[in-house]
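What follows is a short report on a single structure.
Nothing here was measured: the structure is a model prediction, and the numbers come from that model. Throughout, protein chains are lettered first and strands after them, A, B, ... in sequence-line order, and every chain is numbered starting at 1.
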Amino acid sequence: MSDAGKIIAAAGLEQLVRLLRARGFEVWAAREQAEALSLQPIESAEDLPRGRIEAAEAGKVRLVASGRDAYFDHTLPMQGLKRLVSPPEERLFACGEDLVPHETPPAATPKAVIGARPCDLVALDTLTQVFQDGPQEDRRYRARREALFLVAVNCARPAATCFCSSMDTGPRAEAGYDLALTELYEPEAHGFLVEAGSAAGGELLEALEGEPASAADRQRALAVSEAAAAAMARAMPSDVEGLLKRAYEHPHWEAVAERCLACANCTMVCPTCFCGTVEDRSSLDGATAERWRRWDSCFTLDFSYIHGGAVRKETASRYRQWMTHKLAHWHDQFGRSGCVGCGRCIGWCPVGIDITAEAQALADALPAAKEA
Amino acid sequence: MRPKLAVWKFSSCDGCQLTLLDCEDELLALAERVEIAYFLEATRAELAGPYDISLVEGSISTAEELARIQEVRAQSRCLITIGACATAGGIQALRNTRDHEALKATVYARPEFIDALDTSTPIADHVPVDHQLYGCPIDRRQLLDTLLALLKGRQPLIPDHSQCVECKLQGTPCVVVTRGEPCLGPVTRAGCGNLCPRVGRGCYGCFGPKEAPNTAALAEQLLALGSDRHSLRDLFAGFTGGAPAFQKESQRHDA
Ligand code: SF4
Ligand code: SF4
Ligand code: SF4
Ligand code: SF4
């Protein structure tokens with residue numbers, strides 16, 4: 001009876017990796033590399049950053065010992081699932097002198113990601129809405145997205161930069177996964193509650209060795225999520241959408257611009273930022289040309305270049321564009337927030353600009369919305 | 001008729017010209033599309049001007065160069081400066097903010113033999129330039145792409161955004177964030193191919209200031225992370241220390 005999930009031993013992770021590989025998946029997870037976590041292929045559960053945790057704050061992300069040998073005390077790799085479904089650079093087509101474009105047919109290696117976090121699952125859904133569900137479907141995106149098998153991990157120890165509770169995106173995954181793990185790290189037993197979220201996940205769950213989970217087991221897992229939510233140190237102010245829509249001309253944007261480097265790191269680590277630019281390249285003999293897409297950012301000058309010059313020359317207008325799009329206009333455009341509260345932009349900003357703090361500063365400076 | 005290409009040298013180390021010779025695999029194919037009309041580093045054969053494309057390496061550092069760059073400009077349809085010397089004055093621009101006579105006396109046994117201007121300045125200070133390739137040295141792929149773009153009549157891809165973008169496209173963890181290491185990447189133009197951060201080292205600013213570089217905010221953060229003022233002065237006075245934004249920031253810490 002796997003509807004209610006299974007309890008597997010900690011060593012069962014190795015079986016999970018094996019089962020996924022046997023089903024033809026390349027298995028990916030956050031790995032420690034160059035003093036940071038990055039999403040990489042793994043061979044075995046041994047490759048997971050067991051016992052590691054991020055000591056994160058604005059402008060600082062350090063991996064340190066978590067003080068116990070849990071597998072998933074860490075949270076997020078520097079960049080999320082976006083790299084897998086919408087790579088930083090990709091060739092869209094090539095053409096010869098006949099000018100007939102030759103597209104690379106969409107194809108994708110099946111990949112299973114172990115340890116996708118609740119916020120990243122929502123971020124993936126947000127990207128899918130942009131690339132796949134709109135009027136212009138990106139067929140490459142769809143192929144990659146459909147080839148993903150997602151093993152979510154419900155967070156036990158949020159990083160200090162996390163604020164998913166206030167964005168309603170975590171720390172417990174509600175949907176968007178094939179399997180969801182909750183790590184139960186208890187003195188008497190170390191294991192996982194495994195729950196299925198799709199038919200493919202259900203099939204895998206059947207194959208995993210373990211015991212059917214009891215109501216008490218599920219209660220223990222819920223307690224992990226509740227403790228994680230309670231430990232969350234940051235929050236986005238409520239009604240940030242309305243707040244930003246009243247703040248277009250606020251002097252606070254200039255104050256942020258004094259500190260902001262317009263370096264684009266925040267957008268490049270954000271799991272929902274989807275903007276790209278296209279670049280043409282030509283071959284040495286001049287006979288063929290290629291069109292490539294690469295990630296772009298609203299923090300670059302070229303981003304707003306139109307005939308006659310760039311529209312957003314000042315850093316203040318670029319920061320405002322970014323934050324207002326994420327937190328306000330995304331609602332108009334896609335009916336949801338463009339921010340999932342992962343906190344990557346806070347940790348990976350070289351000068352530690354904190355989107356929650358900037359929103360709070362605006363909230364403090366602006367009168368509350370009038371009662372209707 | 002193939003377009004005629006000329007390569008000129010002013011005050012420089014020849015490293016950027018070498019980048020063209022370094023295009024070993026591509027050089028023959030390139031030579032089929034352009035006629036190498038003047039390139040003393042590669043061949044003694046010289047064809048008379050005018051030239052369709054001129055690559056100009058080096059800074060203006062002597063009175064002779066001051067006159068010669070005007071001739072080069074007059075002979076060139078499209079003039080492209082290549083490298084930190086040509087675009088920012090090079091490391092020889094270190095003298096721009098110091099007493100030149102005193103420097104000469106310190107460095108040379110017979111300073112009276114030195115016939116140089118008091119400043120080393122970029123080419124664009126003297127003549128209009130059509131495109132600039134940055135770096136110390138320039139990037140091979142950027143050079144090739146720029147030549148191919150001109151041959152096709154499209155805009156060359158020369159980004160003016162930060163080196164940080166290159167880090168994130170490559171997936172390189174930030175050395176400032178993970179280790180508190182000084183890095184000029186947030187104020188430096190992309191283009192080198194992420195050479196330093198990729199091996200865990202901060203960016204030295206070889207490609208010069210990006211557009212709208214907020215050097216003051218970066219310097220504040222590096223101070224907070226433990227750099228002292230003298231190391232900041234030196235960091236900003238590196239290969240492109242003659243670029244106004246970097247020169248100004250360096251001087252702010254020269255107390
Ligand atoms: S907010 Fe931070 S990461 Fe984003 S552009 Fe500004 S300085 Fe860079
Ligand atoms: S805006 Fe920041 S916190 Fe929100 S999703 Fe993007 S990176 Fe995460
Ligand atoms: S933001 Fe929430 S879901 Fe995302 S890693 Fe942090 S705790 Fe987990
Ligand atoms: S290592 Fe340097 S260039 Fe790379 S993201 Fe960090 S600050 Fe930017």
Side-chain angles (χ1 to χ4, degrees), chain A residues 33-40 54 56-63 77-79 83 87-89 257-270 277 279-286 289 292 294-297 299-303 310 313-315 318 347-353, chain B residues 23 25-30 32-33 141 144-145 147-149 151-155 157-181 183 185-188 190 197-200 210-222 224-225:
Chain A
Q33 213 175 51
E35 300 167 69
L37 295 176
S38 88
L39 203 52
Q40 298 283 337
E54 300 105 310
E57 56 186 80
K60 200 168 181 176
V61 181
R62 309 275 159 96
L63 279 174
M78 179 175 78
Q79 291 164 317
R83 265 193 104 84
E89 295 184 275
E258 298 252 309
R259 287 172 281 135
C260 175
L261 308 170
C263 64
N265 274 302
C266 44
T267 52
M268 299 268 147
V269 296
C270 179
T277 184
E279 292 176 342
D280 291 342
R281 304 173 188 177
S282 33
S283 66
L284 263 179
D285 60 4
W292 285 69
R294 85 161 158 77
W295 290 356
D296 201 1
S297 164
F299 278 95
T300 71
L301 182 68
D302 268 353
F303 183 86
K313 290 198 180 62
E314 309 297 327
T315 298
R318 299 186 213 169
W348 292 100
C349 170
V351 291
I353 293 176
Chain B
C23 300
D25 297 339
E26 296 90 357
L27 210 53
L28 282 180
L30 192 66
E32 282 179 15
R33 300 192 62 200
R141 290 154 312 147
L144 278 173
D145 175 74
L147 293 174
L148 296 177
L151 290 170
K152 275 285 173 201
R154 68 171 161 82
Q155 276 294 314
L157 300 172
I158 308 167
D160 57 5
H161 55 240
S162 69
Q163 174 57 219
C164 302
V165 172
E166 280 199 83
C167 278
K168 292 300 179 286
L169 294 180
Q170 299 243 2
T172 304
C174 175
V175 301
V176 178
V177 167
T178 58
R179 281 196 271 132
E181 193 108 334
C183 177
V187 294
T188 300
R198 205 174 56 192
V199 295
K210 77 185 256 291
E211 56 79 28
N214 191 348
T215 53
L218 177 64
E220 279 312 303
Q221 178 72 347
L222 297 182
L225 289 170

- B/Arg33 side chain vs A/Leu284 backbone, donor-acceptor pair below 3.5 Å: yes

- Value rounded to 0.5 Å, distance of CD in A/Glu279 from CD in B/Gln155: 12.5 Å

- Verify, without hydrogens or angle tests, whether B/Gln221 (side chain) and A/Pro350 (backbone) share a donor-acceptor contact under 3.5 angstrom. yes

- Item | chain B contact via A/Ser282 - side chain, backbone, both or neither, heavy atoms under 4.5 Å | both

- Against chain B, work out which of A/Ala262, A/Gly286, A/Pro77, A/Gly352 has the most heavy-atom pairs shorter than 4.5 Å and name it. A/Gly286

- For B/Lys168, does its backbone N or O pair with a side-chain atom of A/Asn265 as donor and acceptor, under 3.5 Å? no

- Among the options B/Glu220, B/Lys210, B/Arg179, pick out the one with the most heavy-atom pairs lying under 4.5 Å from chain A. B/Arg179

- Atom pair OG1 (B/Thr215) and CG (A/Leu261), whose distance is rounded to the nearest 0.5 Å: 9.5 Å

- Message: Please classify the contact between A/Asp280 and chain B as side chain, backbone, both or neither, with a heavy-atom cut-off of under 4.5 Å.
- Response: both

- Task: Check for a donor-acceptor pair, side chain of A/Arg62 on one end and backbone N or O of B/Val177 on the other, with a separation under 3.5 Å.
- Result: yes

- So, does A/Arg83 use its side chain to make a donor-acceptor pair with the main chain of B/Leu169 at under 3.5 Å? yes

- Short N-O contact, A/Arg318 and B/Glu211, less than 4.0 angstrom: yes

- Query: Side chain, backbone, both or neither: which part of B/Leu148 has a heavy atom under 4.5 Å from chain A?
  - Reply: both

- Task: Keeping the roles fixed (side chain from B/Lys152, backbone from A/Ala289), state whether a donor-acceptor pair exists under 3.5 Å.
- Result: no

- Message: Which heavy atom of A/Ala264 sits nearest to which heavy atom of B/Val165, and what is that distance?
- Response: CB-CG2, 3.8 Å

- Query: Can you say whether B/Gln170 sits under 4.5 Å from chain A via the side chain, the backbone, both, or neither, judging by heavy atoms?
  - Reply: backbone

- Note on the structure: Of the listed A/Lys313, A/Glu89, A/Arg294, the one with the largest count of heavy-atom pairs under 4.5 Å with chain B is A/Arg294

- Okay, A/Glu54 and chain B: the region with an atom under 4.5 Å from a heavy atom over there is neither

- Item | Top contributor to chain A interface from B/Gly185, B/Pro186, B/Gly180, B/Cys183 [non-hydrogen pairs under 4.5 Å] | B/Pro186

- Inspect the surroundings of CD in A/Gln40 and state if more than 12 heavy atoms from other residues, nucleotides or ligands are less than 6.0 Å away. yes

- Message: If we check side-chain contact (heavy atoms from CB on, under 4.5 Å) with B/His161, which of these qualifies: A/Leu301, A/Thr300, A/Asp302?
- Response: A/Thr300

- Query: Does B/Ala217 offer a backbone N or O that forms a donor-acceptor pair with the side chain of A/Arg259 under 3.5 Å?
  - Reply: no

- From B/Cys174 SG over to A/Glu35 CD, what is the distance, rounded to the nearest 0.5 angstrom? 11.5 Å

- Task: Apply side chain to side chain contact (heavy atoms under 4.5 Å, CB included) to the pair B/Thr178 and A/Trp348, showing each step before the final yes or no.
- Result: CA-CA 9 Å; B/Thr178 58; A/Trp348 292 100; 3.7 Å; yes

- Item | chain A contacts, top residue of B/Pro213, B/Ala212, B/Gly171 (heavy-atom pairs, under 4.5 Å) | B/Gly171

- Message: For A/Thr267, which atoms come within 4.5 Å of any heavy atom of chain B: side chain, backbone, both, or neither?
- Response: neither

